[in-house]
Asks: 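Just dropping this structure here.
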Amino acid sequence: MVPLYYYLIFSALLFSVGLAGALTRRNAILVLIGIELMLNAANLNFIAFWRYSPDPEALTGMMFVIFSIAVAAAEAAVGLALIIAIYRHYRTVDLTKVDSLKG
Amino acid sequence: METLDQIKDRIEAAVPGARLEIIPNDSPANQPSLLIDHEHAVAVAKFLRDDSQLQFDYASNVTGVDWLDAVLKEKVKVKQVVEGVEKEVEEVIEKKRAGYLEAVYHLYSMELKHGPFILRLRTENRTDKVHLPSLTPIWRGAEFQEREIYDLYGIIFDGHPDLRRLLMWEGFVDHPMRKDYVEPDDFEYEPTPHDEVLERAKEHYPAEAKP
Amino acid sequence: MLGEGIIKGMVETAKNFVGSYHDPKRLTTVEYPENKIPAKENARNFPFLVFDGVDADKGLRCVACQICEKECPPKCIYIIKDTVKKPDYMGKMQIQPKIFDIDISVCMSCQICVEVCPFEAIKMDTQFELSTTDRFENLLLNKRELAKPNEYYHKIHPTEATEVDERLAAEKAKAEAKAKADAEAKAKATVAAAAAKAAPTPVPAPAK
Amino acid sequence: MIGEFFKGLFLMIWKVVTDQPDPKVEFVSVFPATIQPIISVLLSIVPIIMVFASLFALTTLLERKGLGRIQNRLGPNRVGPFGLFQPVADGLKMLTKEDIVPHSADKLIHFLAPIVLLVPTLLAYAVLPFGQNMVPIDMDAGILFFFAVGASTELSIFMAGWSSRNKYSLLGAMRAIAQMISYEIPLIISSVTVIMIAGSLSLVEIVDKQSGYHFGFLPHWNVFTPWGLAGFIIFLIASLAESNRSPFDIPEAESEIIAGHLTEYSGFKYALFFLAEYLGMFAVSGLAVTLFLGGWRAPLPFLEIVPSYIWFLLKLMGLVCLFIWIRGTLPRLRVDQLLNFAWKFMLPMSLINLFVAAIWHFTSVWNFRGAGLGRWLLCAAMIAVPYVWLGRTLIGNKKITHRTYRFAN
Amino acid sequence: MISDAPGQMGMTSESASQVPLPEGAGQSNYTVIPKTSAEGTSEGELLEVAMGPQHPSTHGVFRMDVVLDGEHVVKLKPVFGYLHRNHEQIAESTTYLGSMPYTDRLDYLCSMTNNWAYALSVEKLAGLQPPERAEYIRIITAELTRLVNHTCLVGFLLQDMGALGTPLMYAFRERELILDLFEALSGSRMMYNYMRFGGCRVDLSADWIEQAKQVVDGYSRFLDEFEKLLTENEILVSRTQGVGVLTVKLAINASITGPMLRASGVNYDIRKVDKYGIYDRFDFRIPLGDHGDVYDRYMIRVLEMRESVKILNQALRDIPAGPIMDPKAKIRGFRPKAGEAYGRIEGPKGELGFYLISDGSPNPYRYRVRPPSLINLTVLEDMCLGETVADVVIILGSVDIVLGEVDR
Amino acid sequence: MGITFAIIAALTLVSAIAAMSLRNLVHCALSLAVTFAGIAAMYLQLDAQFVGFAQILVYIGAVAILIVFAILLTRSSETPQPVISRSWIMGIVIALAVFGVLTKVILSSSIAQRELPAKPAPTVRQIGDQLMTRYVLPLEAIGLLLTAATIGAVIIAMHDKKGRGDGGQNVNSTPSRAEAHQHADETHNLIT
C-alpha cells in the first residue's frame with residue numbers, strides 16, 4: 001500500500017517544478033502554466049489528506065478540490081484574457097518587456 | 001444617339017484642344033470609331049461618361065490591336081496626259097505606315113441604353129513609346145482588360161491602379177498577342193507527331209529531341 | 001426562421017430517396033460497361049475515311065486534296081499525296097493519299113473536316129472506347145486504321161449516309177451523262193470526221 | 001476442460017441471446033483464477049470494438065448508398081453483392097496507401113493525434129449500457145465520465161491541425177475547437193435535465209427510470225415529455241456539431257478549407273481519424289438513445305421478447321440514418337452563425353428546458369383531474385413560446401426577410 | 001510569401017531574365033511592374049492564404065491570394081492565367097470557321113451561346129442574315145443553354161455552401177435531359193460547334209421539337225422541386241442574404257453584366273436592349289433584385305430560368321419551316337471585306353462579345369473575346385472585403401465563372 | 001498498487017518538467033495536458049472518481065484548450081535567453097529550497113505515516129447533497145465568481161471592433177483603388 005507521504009512528496013515535487021517554471025520562464029503563458037501546476041499540486045494534497053483522513057466520509061477535502069477546480073478555471077480564463085489583452089497592447093507576452101504602467 | 005460627327009463636335013466644344021479623328025469602318029457592321037489623343041483622353045472619357053445626353057457609363061469591351069509597319073497601297077486618281085489627251089488615271093501610291101499599338105474601347109450606356117460608341121487610342125510606335133493614359137479611373141470595368149492589354153500587347157497604361165500581368169506569369173518577357181510574336185521552341189513530346197513546333201525544336205535542340 | 005424551410009427540404013430529399021427506388025426515370029446514370037446508352041444518330045466522335053467496295057486501298061474516296069488538312073483547327077490531320085494516279089471507286093484516275101494520319105489525341109471532334117470535304121470522303125465515327133496504354137503511337141491513326149467501309153457508315157448514321165449516297169449517285173449519274181454526252185459528241189465528231197474520211201473507227205467505250 | 005470451455009461459451013452466448021443477467025460468469029469461471037479478471041475485461045472490450053468497428057463499416061456503406069439514393073444515384077454497387085464489400089475495399093485501400101507526412105510537420109504530434117483521438121472515443125463506450133445487463137462498467141458518475149473523455153478529443157484535433165503546419169489545417173482546428181467548446185455546453189445542459197429527473201448520473205439507472213408504459217403502450221421514454229423532446233432535439237443538434245457532421249461540418253468544410261485538420265493526413269492515419277469520428281458519432285447517438293429514447297428498452301410491451309441490445313442498435317442506427325439524411329439535404333452554416341446559434345439559441349433554449357424540466361418535476365405532485373394533460377400543455381407552451389421568440393430574433397440586426405422581386409418588361 | 005509562377009508554358013520565372021527573346025519578338029524594354037506587396041503581412045495576426053489553384057471550390061485552376069484577419073478577409077487578389085492558352089492568338093492564325101469549335105471551349109457549360117455570339121459578330125462583319133427558322137433554333141438552343149448554366153450554377157453554389165452535392169446532382173439530372181437534346185441535334189454533348197455564319201449546321205426534326213417540349217414542361221416542375229429544397233432553407237437564407245453586396249454604382253462602373261448586374265437592380269438585358277436575333281417577338285420579363293447580395297443572385301437566376309421556360313414554350317410553338325442557312329454564306333473560302341465589327345449577346349453569364357477586325361484575308365486580323373466571367377471578377381475583392389472565408393467561396397460561386405473563359 | 005503509483009508519478013513529473021522547460025510553447029501546453037491527465041489518474045488512485053473526472057473535464061477539456069488558444073492568438077515564442085542566467089539560477093534555487101523545506105516537514109510529520117483507512121464510497125448523490133446543504137454558500141459564491149470571471153474575461157479579451165474594422169479597410173485599399181471607388185461613386189443616378 002502506498003503511504004501518504006509518497007503522495008505528499010510527489011505533490012511537493014510537482015509544486016517545486018511549477019514554482020521553478022514560474023520563476024524562470026519569461027513568457028506570461030508559461031508562468032500561468034507554472035501557477036496551474038502549483039494549484040494542482042495543492043489539490044492533490046487535499047485529496048490525499050482526505051483519503052487518508054480518519055473519516056473520509058466527511059468529503060471535506062473533496063469539496064475543497066471541487067471548489068478549487070472551479071476557481072482555477074475562472075483564474076485561467078481571466079488570466080489568459082489578460083495575457084491576450086497585454087499582447088494586443090504590447091505585441092509581446094514577454095514579461096520582462098511588459099514594464100511600463102502607462103497605457 | 002447622336003451621330004459620331006455631332007458627338008465629335010460637342011467633345012471639341014467641351015474639351016478644348018482635343019484632337020479627334022473619325023476612323024471609318026467599311027464593313028456592313030458600320031461601326032465607325034473616334035480616335036482621341038493622349039493628353040485629353042481622360043477628359044474626353046469623363047465627358048462621355050458624364051454628359052447627360054451620352055452617359056456612356058459602361059465600358060463593355062476594351063482591347064488592344066497590334067498594327068505592324070505596313071505598306072499601304074492607295075489608289076489615287078491622277079490627271080495625266082496620256083497620248084496628248086488629259087485623262088483621269090488611277091495610280092497606286094505606296095505609303096509606308098509606321099506600326100503602332102492601339103487600344104479600343106467599346107462604350108455603351110446602361111442608363112440610356114444606347115451604344116456602341118467606339119473610342120480608340122494609339123501609341124506612337126510599337127517599341128519604346130507605348131504609353132497610353134489609363135481610363136480605369138473613369139470606368140472600373142477597364143481594370144482587368146487594360147491589364148490584359150498590358151500583358152498581351154505591352155501597352156503601358158499610365159494611371160492604372162494595379163498594372164500587372166494578368167494572364168502570363170510575372171517574369172514572362174514577351175507579349176504573346178503581338179503579331180510578330182514567335183512561339184518559344186520549348187516543347188514537351190505532347191503534340192501531334194507532325195507538329196511544326198516539334199520539328200523546329202528538334203532542329204534547334206537535337207540533343208534533347210530523343211523521344 | 002423556425003426550421004420550416006429545413007423540414008421542407010428534407011421532405012424533398014426523402015421523396016427523391018423513395019422515388020429513386022420505384023421511379024427509374026429519376027436515375028439518370030447507367031452502369032457503364034454492362035449498359036450503354038445507345039448513341040444518337042448525329043453523334044460524332046473522331047473522323048474516319050469512307051471507302052466503297054471491299055478494298056480499302058482501292059475504294060478510298062479521299063483524293064488527297066488536303067482541304068481538310070488546311071481547315072482543321074487543331075491541325076491534327078497530316079496528308080502526303082501519292083505521286084501516281086490510281087483508279088478510284090468510280091474508275092476515274094485520282095491521286096490518293098500516300099499517308100493520311102489523324103492524331104486523335106489532338107483532334108477535337110469539331111466535324112469541320114467533314115463539312116469542308118467536297119468528296120464525302122471523311123465522316124465522323126461514334127466509337128469512343130479508344131483508351132490505350134500508349135498515348136502517342138496508339139492514338140495516331142493511319143490510313144489503314146481510319147478506313148472504314150460505306151456499310152459501316154450506313155450502320156452508324158443511316159439517314160445521313162443514305163442522303164450522301166443519293167447525292168453521290170446523282171453526281172455520278174450527272175458525270176456519266178456528261179461523259180456520255182461528251183463521248184457522243186466526240187463520237188459524232190469522230191464519225192463526222194470519219195465520214196469525211198470515210199473510214200469509221202470504233203467508238204471508245206466511256207469509262208465503265 | 002475443453003468440454004467445460006465450450007459449455008461455458010455456450011451458456012454465455014445463450015444468456016446473451018436471451019438477455020439474462022451476468023452472462024460472463026460461467027465462461028470466465030472456466031479459466032484459472034489469476035487470469036479471470038483479464039478474461040472478463042477482454043470479454044467486455046472485444047465485442048465493443050468488433051461490433052462498433054463493423055457498424056462503422058456498415059455505416060460508411062449505408063451513408064454512401066443512402067446519399068446516392070437521395071441524389072438519384074445508385075451508390076457503390078461493384079464490390080460484392082450490392083456493394084456490400086465496399087468498406088473492405090476501402091479499408092484495404094486506406095491501409096495500403098502511402099502515409100505522407102509533410103516535411104515541416106511536427107512529426108511526433110502528427111503521429112500521435114489520431115491515436116489520442118481514437119482512445120478517448122473508445123473509452124466513452126465503457127459506460128454505455130448496450131442492453132439489459134450489458135454495460136462494461138456501471139459507474140456512479142457515468143455521464144460525467146462520458147463527457148470528460150469526450151472533452152479530451154478536442155485537444156487531439158488541435159494536435160492534428162497544428163502539427164500539420166498547414167494554414168487550412170490550423171484554421172480547421174481552430175474552428176473545430178471553437179465549435180466543440182460551444183456545443184458542449186448545450187449538450188451537457190440538455191442531458192442535465194435527464195439527470196435531474198432521474199436523480200442519478202449512472203446511465204444504467206437512467207435507463208431503468210424509463211421503464212414501463214403509459215396506458216400500456218406509450219413507453220416512459222423521456223422523449224415523450226415536452227422537456228424531453230426539446231432536450232432530445234437540442235442534444236441531437238449539439239451532437240451533430242460535436243461529431244462534426246453536416247450541417248456543422250465546418251472544421252472539415254471541403255469547399256472552404258479543403259479538409260481542415262485532416263488535410264495533411266493520408267493512409268492509415270486518415271482512416272483512424274475517420275474511424276474515430278464515426279465511433280464518436282455512434283457514442284454520442286448511443287448516449288442520446290440512452291438518455292431520451294429509453295436505452296435498450298423495447299418501444300412496445302409485446303416486443304420485449306426481442307433481445308434488448310437489438311433495440312439499442314436499432315435506435316442507434318435510426319439516429320445515424322437521420323444524420324445521413326440531414327447530411328444529404330442541408331448546406332453548411334458559417335462559423336459565426338454556428339457560434340451565434342450555439343450561444344444565442346441553443347444555450348438559452350437548453351437553460352429554459354432545464355427550468356421546464358424542474359417545473360415538470362415539481363408538478364408531478366399534481367393530482368387533480370386532467371393534471372397530466374395540463375402539466376404537459378403547460379410545459380409544452382413554456383418551451384414553444386421562447387422557441388418561436390428566439391427563432392424570430394435569432395438573426396438579430398441582420399435583416400433576413402422574405403423577398404419579392406421586381407420584373408422589367 | 002506565396003509562390004507565383006504558374007509556369008504553364010516553357011519559361012520558368014526565375015530564369016526569365018536570362019532567356020533570350022525569341023527571334024523577331026517585340027523588343028521589350030518595359031519593366032515588369034512588381035506585384036503590389038501585400039501590406040500588413042508582417043502584422044502578427046494576419047494570415048495569408050493562397051486559395052487555389054488546387055482548391056476544391058475555385059471552379060477550376062484559379063487562385064485568390066487572401067489575407068485573413070482571423071476568418072475575415074482584409075485583402076484579396078485574384079490570380080489568373082493557369083488555363084491561359086492564348087485563344088485569341090490561335091483564332092487569329094486560323095480561319096473564321098476554324099475558331100468556331102474553339103469558342104465551344106471558352107465557357108464549356110454554354111457552348112451554344114458562345115457559338116451564337118461568334119456567329120453574330122461574323123454575320124455583322126460580313127453582312128449575313130440568318131433565315132427565320134435558324135433564328136428560332138438559335139433562340140431555343142440559347143435558352144436551353146441558359147437553363148443548363150443557371151441550374152448548374154445553383155448546384156455549384158450549393159456545393160460551395162457545403163450541401164454535399166444533392167442540389168448539384170438534381171441540377172445534373174435535369175441537365176442530362178437537355179444535353180440529350182443537344183446531342184441529338186449537334187452530335188456532341190458539350191462541344192456543339194453548331195452555329196454557322198448565316199445559320200445553323202443541321203436542321204431540327206419534328207421529333208426533336210416534341211422531345212424538347214416535354215423537357216421544357218418537366219423543367220418547371222423541376223424548378224418547383226428545386227425551390228422547395230432550397231429557396232426557403234434557413235441555412236441558405238442566412239448564409240446568403242446580406243453577403244457579398246454589390247452596389248449599383250460599382251456594378252455599372254465595373255462593367256458587370258448578366259444576372260449579377262440585374263441582382264443589383266440594374267435593368268439591362270441585351271436581349272431587350274439590342275433585340276438581337278428575334279428576341280423582340282417573345283414575351284418575357286427581366287427579374288431584378290434590390291439588394292445585390294448572393295441570395296439575390298441566386299434568386300435572379302431561378303427567376304430567369306422560369307422566364308426562359310416561357311420563351312422556350314413560345315419558340316417551340318411558333319417555329320416556322322424554312323431554310324436554315326443564308327444562301328450567301330459560304331463554308332469554304334470565307335473572306336469578309338476589310339473592316340471591323342463588335343457583336344454581343346446576353347450570355348447566361350453576362351455580356352459575351354466578339355470584336356473582329358478583318359483585313360480581307362481568310363483569317364481574322366484581330367479576334368477578341370469579351371469574357372463576362374473575367375470582367376465580373378473585377379469586383380470580387382470589393383465584394384469579399386470584410387466577409388469570412390466561407391463567404392468568399394460562395395461569393396465566388398455566385399459570380400459564376402468558368403475558367404476556360406476567364407483565362408482563355 | 002505501488003507500481004501503478006510509480007508509473008503515474010513518473011509520467012506526471014516528466015511531463016510537468018517538460019511543460020516548464022520545452023522551447024515550443026504548444027509542446028509545453030500539450031505536456032501540461034498530460035500532466036493534468038496524470039493528476040486525474042492520481043485522484044482515481046485515491047478513490048476520488050468524481051474529482052478525477054471533473055479534473056479531466058475542466059483541465060483538459062477547458063484549461064488546456066484555453067492555453068493553446070492563447071498561445072496561438074499571441075503567436076508568442078520565447079526569445080532565446082542564456083540557459084544559465086541569474087534569474088534562472090535564482091528560480092531553481094528557490095524551488096529547490098521550497099522542495100527541501102516541504103520534504104523535511106512532510107517526513108518529520110506524524111500524519112504522513114498515517115495508515116490507509118477503509119475505502120470510502122462517496123457517491124455522486126452524497127456529493128450533491130453536501131453541495132446543496134453544507135456547502136451551499138461556497139457553491140453560490142463559486143457560481144457568482146464563475147459568472148463574473150466569464151464576463152470579465154470576455155470584456156478584457158474583446159476586440160475593439162470598430163477600430164479594427166477601419167484598420168482592415170485601410171490595409172487593403174490602395175489609394176488608386178480608393179480613387180476608382182470614388183469615381184464609381186461619382187457616377188450619376190441609375191436606372192433601376
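Computation of the quantities below employed the complete heavy-atom set of this structure, encompassing side-chain atoms and omitting hydrogens, waters and symmetry-equivalent molecules. Labels below follow one simple rule: chain letters A, B, ... track the order of the sequence lines, proteins then strands, and each chain is numbered from 1.
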Asks: Between Arg366(E) and Thr63(B), do the side chains contain a donor N or O and an acceptor N or O under 3.5 Å apart?
Replies: yes
Asks: Dump the intermediate steps for side chain to side chain contact (heavy atoms under 4.5 Å, CB included) on Gln31(B) and Leu125(E), then the final yes or no.
Replies: CA-CA 10 Å; Gln31(B) 295 171 332; Leu125(E) 186 69; over 6 Å; no
Asks: I need the residue from Gly64(B), Ala142(B), Pro32(B), Ser33(B) with the largest number of non-hydrogen atom pairs under 4.5 Å to chain E.
Replies: Gly64(B)
Asks: Rounded to the nearest 0.5 Å, how far does CG of Asp66(B) lie from CD of Glu92(E)?
Replies: 9.0 Å
Asks: Using the ring centroid of each side chain, check whether Phe144(B) and Phe80(E) are separated by less than 6.0 Å.
Replies: yes
Asks: To the nearest 0.5 angstrom, please state how far the OG atom of Ser109(B) sits from the CD1 atom of Ile252(E).
Replies: 8.5 Å
Asks: To the nearest 0.5 Å, what is the distance between OG1 (Thr378(E)) and CZ (Arg147(B))?
Replies: 10.0 Å
Asks: With distance as the sole test, does Arg140(B) use its side chain to make a donor-acceptor pair with the main-chain N or O of Ser255(E) at under 3.5 Å?
Replies: no
Asks: Can you name the one residue among Val65(B), Val104(B), Asn25(B) that meets side chain to side chain contact (heavy atoms under 4.5 Å, CB included) with Ile357(E)?
Replies: Val65(B)
Asks: Could you tell me if the side chain of Asp162(B) sits less than 4.5 Å from the side chain of Lys77(E), heavy atoms only?
Replies: yes
Asks: Mind checking what makes ring pair (Phe, Tyr, Trp, His ring centres under 6.0 Å) contact with Phe197(E), not counting sequence neighbours?
Replies: Tyr118(E), Phe334(E)
Asks: Compare all side-chain heavy atoms of Pro28(B) with those of Lys124(E) and state whether any distance is below 4.5 angstrom.
Replies: no
Asks: Under a 3.5 Å cutoff, is there a donor and acceptor pairing between the side chains of Arg368(E) and Gln145(B)?
Replies: yes
Asks: How long is the gap from OH on Tyr108(B) to CZ on Arg344(E), to the nearest 0.5 Å?
Replies: 4.0 Å
Asks: Without hydrogens or angle criteria, can the side chains of Tyr58(B) and Thr257(E) be said to hold a donor-acceptor pair below 3.5 Å?
Replies: no
Asks: For Lys129(B), which residues count as a side chain to side chain contact (heavy atoms under 4.5 Å, CB included) partner, sequence neighbours excluded?
Replies: Glu124(B), Asn125(B)
Asks: A side-chain contact here means heavy atoms from C-beta on lying under 4.5 Å apart; do Val248(E) and Met110(B) qualify?
Replies: no
Asks: Under 4.5 Å, counting heavy-atom pairs only, tell me which of Pro24(B), Ala59(B), Ser60(B) racks up the most with chain E.
Replies: Ser60(B)
Asks: Looking at chain E, which one of Val62(B), Asp151(B), Leu152(B), Ile118(B) has the largest number of heavy-atom pairs inside 4.5 Å, strictly under?
Replies: Val62(B)
Asks: With a 4.5 Å limit on heavy-atom distance, are the side chains of Glu148(B) and Glu88(E) in contact?
Replies: yes
Asks: Just do the side chain to side chain contact (heavy atoms under 4.5 Å, CB included) check on His106(B) and Arg370(E) with the steps written out, would you?
Replies: CA-CA 10 Å; His106(B) 286 81; Arg370(E) 187 238 185 240; over 6 Å; no
Asks: So which of Ala254(E), Gly339(E), Ala126(E), Gly127(E) has the biggest tally of heavy-atom pairs under 4.5 Å with chain B?
Replies: Ala254(E)
Asks: Measure distances from Glu340(E) to the heavy atoms of chain B and classify the residue's part below 4.5 Å as side chain, backbone, both or neither.
Replies: both
Asks: Please flag which part of Ile256(E) lies under 4.5 Å from any non-hydrogen atom of chain B: side chain, backbone, both or neither.
Replies: backbone
Asks: Could you pull out all residues at least two apart from His87(E) that satisfy ring pair (Phe, Tyr, Trp, His ring centres under 6.0 Å)?
Replies: Tyr367(E)
Asks: Strictly distance-based, threshold 3.5 Å: is any side-chain N or O of Asn253(E) a donor or acceptor partner for the main-chain N or O of Ile138(B)?
Replies: yes
Asks: Can you find a pair of side-chain heavy atoms, one from Lys272(E) and one from Lys113(B), that are under 4.5 Å apart?
Replies: no
Asks: Where does Ile375(E) contact chain B at under 4.5 Å (heavy atoms): side chain, backbone, both or neither?
Replies: side chain
Asks: Measuring only between side-chain heavy atoms, which start at C-beta, is Leu166(B) closer than 4.5 Å to Leu374(E)?
Replies: yes
Asks: Which atom pair, heavy atoms only, marks the closest approach of Lys179(B) to Tyr365(E)?
Replies: NZ-O, 2.6 Å
Asks: I want to check something: taking the side chain as every heavy atom from C-beta on, are Asn61(B) and Tyr342(E) in contact at a cut-off of under 4.5 Å?
Replies: yes
Asks: Strictly less than 4.5 Å between heavy atoms, which residues of residues 401-408 of chain E line up against chain B? Please order them by number.
Replies: Val406(E), Asp407(E), Arg408(E)
